[in-house]
Amino acid sequence: MNKDSKIYVAGHHGLVGSNIMKRLQEKGYTNVIGRTRQELDLTNQEAVNSFFEIEKPEYVVLAAAKVGGILANNTYPADFIMKNLQIQVNVIDAAYKSGVKKLLFLGSSCIYPRMCPQPIKEEYLLTGELEKTNEAYALAKISGLKMCYYYKKQYGADFISVMPTNLYGPGDNFGLTNSHVLPALMRKMHEAKIANAETVEIWGTGKALREFLYIEDMADGCIFLLENYDGADFVNLGTGKELTIRELAELIKKVVGFDGELRFNTDKPDGTPRKLLDVSKMETLGWKYKVELEEGIRKTYQWFLENENSLVMK
């Protein structure tokens, strides 16, 4: 990519897209564009085709998606599969038809089977049943990465895919009903600290294992792939390190300064028991994460404190 290449970041107001746009600009790319949902409805095929015909971006980062945690995925599965499929089909096909030089599609580590061998290698995709609580979202993401693969196979399009692990950081969604585990726990413990509450309830047993990647590292890894990778197969993006939800909760409790008790509600689901990515492929390509988990949580909590009054949280 040239520094003046026109780069369209779909989903540039989201946690992933905004950080990729920011990192591109920090690296000296001067022609990075985005569109809000009001300006461009990515579920509208005609509108998407028109946008690509008029703007003619040379490079595309497809970070737009309908996302959420276990509760949201369980409650709105039809929305999760329909909206994500619409966005992906419209953008990927329009990118091909308009002659985009390269497209990067962002998936999710939930695409892998629920009881997957650990750590999870890229080739384990479609070797077993998916986790039921996020099956709709996972099926949509699998379709997106396969669409990129097949457009490369049939048309020679330089469309690549990356599968990030659980992401977190400044700008995250801190809602209690539609966010992911780390920001939800952070908000819960912050509010419990302010209220001098004695306990905080946490879903599940606390035994499930998770891996977390700081959002700025994610952005850096994605741009590294845009600049250096053109393979047909997708690539895992993570740290290669994991901890239990209980350990995560204790770490957040320490950073936030909550002095009460953590109570685990075992009537609620744990989700996938373990989900650690094998990141050896990414490391072989020459990239590795920089921000350790406690440092990233501290940076995220500081951002939360500075922006708490302006956040829209449900």
Measuring from E131:CD to I111:CD1, what's the distance to the nearest 0.5 Å?
-> 14.5 Å

Angle class for the Y112/F234 ring planes (parallel below 30°, perpendicular above 60°, tilted otherwise)?
-> tilted

Test side chain to side chain contact (heavy atoms under 4.5 Å, CB included) applied to N31 and I7, step by step | CA-CA 6 Å; N31 196 8; I7 306 170; over 6 Å; no

Least distance between heavy atoms, N19 atom then P170 atom | ND2-O, 4.2 Å

In one Ile/Leu/Val/Met/Phe/Trp/Tyr side-chain cluster, 4.5 Å: L104, V60 = no

Note, L225 side chain near M282 side chain (heavy atom, < 4.5 Å) | yes

Identify the two heavy atoms, one from C148 and one from I92, that lie closest to each other, and give their separation to 0.1 Å.
-> SG-CD1, 3.8 Å

Does any N or O in the side chain of T199 come within less than 3.5 Å of the main-chain N or O of R263, such that one atom is a donor and the other an acceptor?
-> no

Dump the intermediate steps for side chain to side chain contact (heavy atoms under 4.5 Å, CB included) on F52 and V48, then the final yes or no.
-> CA-CA 6 Å; F52 274 85; V48 173; 3.9 Å; yes

Supply the atom-to-atom distance Q118 CD to Y124 OH, rounded to the nearest 0.5 angstrom.
-> 9.0 Å

Could R35 and E55 be called an ion pair, given the rule that one side-chain N must be under 4.0 Å from one carboxylate O?
-> yes

Of all residues at least two apart in sequence or in a different chain, which pass the side chain to side chain contact (heavy atoms under 4.5 Å, CB included) check with K146?
-> L125, L126, I142, Y150

Return yes when atom CZ of R37 has more than 12 non-hydrogen atoms of other residues, nucleotides or ligands closer than 6.0 Å, and no otherwise.
-> no

Under the 3.5 angstrom rule, does the side chain of K141 hit a backbone N or O of L106 as a donor-acceptor pair?
-> yes

State whether the number of non-hydrogen atoms from other residues, nucleotides or ligands found under 6.0 Å of E306 atom CD is greater than 12.
-> yes

Find out if a path of hydrophobic residues (ILVMFWY) with successive side-chain heavy-atom gaps under 4.5 Å connects F224 to V9.
-> yes

CG of L248 to CZ of F212: how many Å apart, nearest 0.5 Å?
-> 4.5 Å

So does E46 have more than 12 non-hydrogen atoms from other groups sitting under 6.0 Å from CD?
-> no

Check the hydrophobic clustering (I, L, V, M, F, W, Y; side-chain heavy atoms under 4.5 Å; chains of links allowed) and say if V89 and L139 are grouped together.
-> yes

Are K254 and E294 close enough for a salt bridge, meaning some N to O gap below 4.0 Å?
-> yes

Do the side chain of K253 and the main chain of G260 share a donor and acceptor less than 3.5 angstrom apart?
-> yes

For the student: nearest non-hydrogen atoms of A192 and F258, plus distance | CB-CE1, 3.5 Å

Enclosure of D4 CG (heavy-atom neighbours >12, cutoff 6.0 Å) = yes

Check: C222 and L237 side chains under 4.5 Å, non-hydrogen atoms | yes

Report yes if some heavy atom in the side chain of K241 is under 4.5 Å from a heavy atom in the side chain of E292; otherwise report no.
-> yes

Determine the minimum heavy-atom distance between F174 and P183, stating which atoms define it.
-> CD2-O, 3.4 Å

Could you tell me whether the side chain of L251 reaches within less than 4.5 Å of the side chain of L293, counting heavy atoms only?
-> yes

What donor-acceptor contacts under 3.5 angstrom involve side-chain atoms of residues 77-84, with partners at least two apart or in another chain?
unit_1 : atom_1 : unit_2 : atom_2 : d
N84    : OD1    : K66    : N      : 2.9
N84    : ND2    : K66    : O      : 3.1
N84    : ND2    : F80    : O      : 2.7

Sidechain N-carboxylate O distance under 4.0 Å for E26, R23 = yes

Considering all heavy atoms, the nearest G128-P113 contact = N-CG, 3.4 Å

I would like to know whether D220 and Y289 meet side-chain hydrogen bond (donor to acceptor under 3.5 Å, both in side chains); could you show each step before the answer?
-> CA-CA 9 Å; D220 192 64; Y289 80 99; over 6 Å; no

Taking the side chain from N265 and the backbone from E201, do they hold a donor-acceptor pair closer than 3.5 Å?
-> no

Are more than 12 heavy atoms from other residues, nucleotides or ligands located less than 6.0 Å from atom CZ of F264?
-> yes

Quick one: are the ring centres of Y214 and Y168 less than 6.0 Å apart?
-> yes

Can you list the steps and then say if K275 with T165 is a side chain to side chain contact (heavy atoms under 4.5 Å, CB included)?
-> CA-CA 8 Å; K275 196 167 62 172; T165 189; 5.8 Å; no

Does E216 come within less than 4.0 Å of K290, counting only side-chain N to carboxylate O?
-> no

Less than 4.5 Å apart, any side-chain heavy atom of I87 and any of T43?
-> yes

Is the backbone of K3 close enough, under 3.5 Å, to the side chain of T30 for a donor and an acceptor to pair up by distance?
-> yes

Evaluate the side-chain proximity of E283 to K288: yes if any heavy-atom separation is below 4.5 Å, no if none is.
-> yes

Separation between CD (Q88) and CG (L62), nearest 0.5 Å, reads 6.5 Å

For the atom pair CG (L276) and CD1 (I120), what is the distance rounded to the nearest 0.5 Å?
-> 7.0 Å

Might you work through the side chain to side chain contact (heavy atoms under 4.5 Å, CB included) test for M189 and L262, ending with a clear yes or no?
-> CA-CA 9 Å; M189 291 194 206; L262 303 180; 3.7 Å; yes

E123 atom CD, neighbour heavy-atom count above 12 within 6.0 Å = yes

When clusters are formed by joining ILVMFWY residues with side-chain heavy atoms under 4.5 Å apart, either directly or through shared neighbours, do V256 and I202 land in the same one?
-> yes

Would you say the side-chain atoms of E211 pair up with the backbone N or O of L277, donor to acceptor, closer than 3.5 Å?
-> yes

Less than 4.0 Å between a side-chain N and a carboxylate O, is that true for K27 and E227?
-> yes

Salt-bridge criterion met for K101 and E58 (N-O under 4.0 Å) | yes

If you group Ile, Leu, Val, Met, Phe, Trp and Tyr by side-chain heavy-atom gaps below 4.5 Å, do V91 and L145 land in one group?
-> yes

Counting only heavy atoms not in K22, do more than 12 fall under 6.0 Å of its NZ?
-> no

Check: Y301 and H190 side chains under 4.5 Å, non-hydrogen atoms | yes

d(K207 NZ, R246 CZ) to nearest 0.5 Å is 8.5 Å

Should the pair Y151 and Y96 be assigned to parallel (<30°), tilted (30 to 60°) or perpendicular (>60°) ring geometry?
-> perpendicular

Is the backbone of N2 close enough, under 3.5 Å, to the side chain of S5 for a donor and an acceptor to pair up by distance?
-> yes

Under 3.5 Å, is there a donor-acceptor pair between the side chain of N236 and the main chain of V279?
-> no

Are any of the side-chain nitrogens in K281 or E122 under 4.0 Å away from the carboxylate oxygens of its partner?
-> no

N90 side chain to Q86 backbone, donor-acceptor under 3.5 Å | yes

Within the distance-only criterion (no hydrogens, no angle test), does the side chain of K152 pair as donor or acceptor with the backbone N or O of D230 below 3.5 angstrom?
-> yes

Do the non-hydrogen side-chain atoms of R114 and P273 ever get within less than 4.5 Å of each other?
-> yes

